[in-house]
Amino acid sequence: MTQEHQGHGGPRGWTAALTRKGIWSRLRFTSLRLRLVVVFGLVALTAAVSASGIAYWLNREAVLTRAQDAVLRDFEQEMENRAGTLPEHPTRDELQRAAGQMATGGQHFTVLLVAEDVSGQPVYGGSGGLNGFTLADVPKSLRTAVNKEQQVNSGNKSPYHLYWQRIVDDGTPYLVAGTRVIGGGPTGYMLKSLEPEAKDLNSLAWSLGIATGLALIGSALLAQAAATTVLKPVHRLGVAARRLGEGKLDTRLRVSGTDELADLSRTFNSAAEALEKRVDDMAARESASRRFVADMSHELRTPLTAITAVTEVLEEELDSESGGLDPMIEPAVRLVVSETRRLNDLVENLMEVTRFDAGTARLVLDDVDIADQITACIDARAWLDAVELDAERGIHARIDPRRLDVILANLIGNALKHGGSPVRVSVRVRAQEAQGDEIVIRVRDHGPGIPEDVLPHVFDRFYKASASRPRSEGSGLGLSIALENAHIHGGEITAANSPDGGAVFTLRLPRDASTVVLSAEGEAAGGGEKGATKKGDA
């Protein structure tokens, strides 16, 4: 006899449901450690679920096949031994007795026998139990297959066969089978509960689930250990790079092992050593250059003092009414006087720049009236007719008056030289929430403005807008010195073009520069302590 099995689908896994919902695709991980743990976990979970699924499926098929084969073999044997001995048209009592005898076997299934009496009416006989197994409990497709007569030939020696099907009723699985007695006789149906096998399979599923969970936890712990092993050197490298960026060029990494991370540490140490050497060389050259400029400036002051005294005498002769100089040499004398003044200003500016570079420039603070200070600067240079002042009296600030005079002289002088008269100087006080009030001084001229390609370089040292005028009156250091003087106050100078024409230089200074001085001294003290740190490993 042949067997036919009606297929059925299994439940979908929870990982497939998560994939359909797109949960994993929406996660964003920024921690490398977390990503390593998640990747290890996913790999372990995939392997464990795959292995558990395969093991469950193989065991399920083995358990169910073994159970149903035993039941079907017993049912088929009982049909031949019990139902096959019944008459062609049995009575109800005969069917009932035969069904009861068939159900007393070792498999404990329920039997339903169906036949026809002498008058052709259907007769039923069942073994009882299981709330009364009736023909309605048998799937229609199974009944059709059981009662269908097959053609007998060399390949098929029996007109009727045994058919079976698994069904689920109220959550309990059952095995239903049916066949007819060959040669005339009743049709028999069998119902067998598969609940014991289902419980065994549920226990197996729980065991596999627990094993999968333990594998996932173990993989997470292994991933954590692996991540710690890998990321610890990376963390040390990050700390060392941060210290290197803070200026601690003596930072080095401890090197252990021969793997790629050890090679990376060696490369970092080599790069840090080369950088430290390069910076030391540059610092030494810069220091030597500053000393050279300072020494040169000091050496030039002595002959310049004598030359200046001579040029003053020559200038007095030029301005005297007696005309004591030969007219032929008068232009040369005027050139000498002009160039001597220019050289004297250049030396003074170089010495000032050297003090800024060496960090020896200091503020001498005083309480000054800004309007009076600007007026004194303009008056000392005879610019009263060319400068308009828009400043209220009584705006006081605690700043260095000498350095403010240098800033104003450079800004106003630059506006008069390169811009157009009149030059307008305005003073305002702007309140700030986080810091104290600040003084805002704007110097605006009425010239053509500053070319856009020149604006980023106006405060560069020795920068001149036109290369065709290398011997202009300025040295190219005035605006740079003005900016340094603003910075030492904790302020700033910006340059821009006014929408109405002309250039605008804006000076911003804190109203009380003493707080800036105290903060700078505190940072210098802290930096000294950091600089004393011994050379160590990160």
Side-chain angles (χ1 to χ4, degrees), residues 331 334-353 356 370-371 373-391 402-428 439-489 491-509:
R334 292 188 182 277
L335 179 61
V336 170
V337 171
S338 173
E339 292 300 314
T340 301
R341 289 177 178 172
R342 182 170 176 271
L343 182 59
N344 195 52
D345 291 339
L346 177 60
V347 171
E348 292 296 331
N349 288 339
L350 286 174
M351 294 184 66
E352 186 72 7
V353 167
F356 281 121
I370 299 299
Q373 185 71 23
I374 298 175
T375 302
C377 174
I378 296 172
D379 185 43
R381 293 162 179 83
W383 292 338
L384 289 175
D385 295 337
V387 178
E388 296 177 358
L389 178 60
D390 178 15
R402 184 187 70 84
R403 296 190 181 278
L404 177 60
D405 182 78
V406 172
I407 297 173
L408 294 172
N410 278 291
L411 295 182
I412 298 174
N414 185 75
L416 290 173
K417 186 184 304 180
H418 301 290
S421 298
V423 173
R424 182 178 178 82
V425 180
S426 62
V427 180
R428 298 290 183 269
I439 304 296
V440 180
I441 303 175
R442 286 188 174 86
V443 179
R444 178 192 169 191
D445 60 50
H446 289 78
I450 305 174
E452 293 298 328
D453 59 330
V454 175
L455 269 176
H457 307 286
V458 292
F459 295 104
D460 293 350
R461 294 177 182 178
F462 298 106
Y463 181 80
K464 296 182 181 180
S466 177
S468 62
R469 297 185 299 155
R471 291 186 55 82
S472 60
E473 295 181 9
S475 62
L477 291 173
L479 291 179
S480 174
I481 292 175
L483 183 63
E484 294 289 350
N485 279 300
H487 285 169
I488 199 174
H489 280 89
E492 185 61 65
I493 303 177
T494 57
N497 288 317
S498 173
D500 299 328
V504 180
F505 285 83
T506 304
L507 168 65
R508 292 180 175 85
L509 295 176

A.B. asks: Output all residues satisfying salt bridge (Lys or Arg N to Asp or Glu O under 4.0 Å) with R402, sequence neighbours left out; order by chain, then residue number.
C.D. replies: none
A.B. asks: Suppose we screen for side-chain hydrogen bond (donor to acceptor under 3.5 Å, both in side chains). Which residues come up paired with D405, at least two apart in sequence or across chains?
C.D. replies: R381
A.B. asks: Under the side chain to side chain contact (heavy atoms under 4.5 Å, CB included) test, which residues partner D445, sequence neighbours left out?
C.D. replies: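 Scan of D445 (side chain to side chain contact (heavy atoms under 4.5 Å, CB included), adjacent residues dropped) gives A415, V423, A503.
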A.B. asks: Would you indicate whether the side-chain heavy atoms of I370 and L404 approach each other to under 4.5 Å?
C.D. replies: yes
A.B. asks: Closer than 3.5 angstrom, by distance alone: can the side chain of H446 be matched with the main-chain N or O of P422 as a donor-acceptor pair?
C.D. replies: yes
A.B. asks: Rounded to the nearest 0.5 Å, what's the gap from CD on E484 to CD1 on I407? Could you check?
C.D. replies: 10.5 Å
A.B. asks: Is it the case that more than 12 heavy atoms not belonging to D453 sit under 6.0 Å from its CG atom?
C.D. replies: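 Atom CG in D453 is packed in, count exceeds 12.
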A.B. asks: What residues form a salt bridge (Lys or Arg N to Asp or Glu O under 4.0 Å) with D390, not counting sequence neighbours?
C.D. replies: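 With neighbours one apart ignored, the set is R424, R428.
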A.B. asks: For residues L507 and V443, determine if any side-chain heavy atom of one lies less than 4.5 Å from a side-chain heavy atom of the other.
C.D. replies: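 No; the side chains remain at least 4.5 Å from each other.
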A.B. asks: If we only count heavy atoms from C-beta on, is the N497 to L455 side-chain gap below 4.5 Å?
C.D. replies: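 They are in side-chain contact.
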A.B. asks: Can you see which heavy atom on I450 is nearest to which on A495, and at what distance?
C.D. replies: CD1-CB, 4.5 Å
A.B. asks: Would you mind reporting whether N414 and V458 have side-chain heavy atoms less than 4.5 Å apart?
C.D. replies: no
A.B. asks: Could you give the distance from CZ (F505) to CG (L483), rounded to the nearest 0.5 Å?
C.D. replies: 10.5 Å
A.B. asks: Report the residues that fulfil side chain to side chain contact (heavy atoms under 4.5 Å, CB included) with A371, sequence neighbours left out, ordered by chain and then residue number.
C.D. replies: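 A371 satisfies side chain to side chain contact (heavy atoms under 4.5 Å, CB included) with D369, A391, R393 once adjacent residues are dropped.
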A.B. asks: As an exercise, state the distance from CD of Q373 to CG of L408, rounded to the nearest 0.5 Å.
C.D. replies: 7.0 Å
A.B. asks: Given I493 and R508, is the side-chain contact (heavy atoms from CB on, under 4.5 Å) satisfied, shown in steps?
C.D. replies: CA-CA 6 Å; I493 303 177; R508 292 180 175 85; over 6 Å; no
A.B. asks: Using side-chain hydrogen bond (donor to acceptor under 3.5 Å, both in side chains) as the criterion, list what pairs up with N410, not counting sequence neighbours.
C.D. replies: none
A.B. asks: Rounded at 0.5 Å granularity, tell me how far CD1 in I488 sits from CG in L509.
C.D. replies: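 Reported to 0.5 Å precision, the distance equals 12.0 Å.
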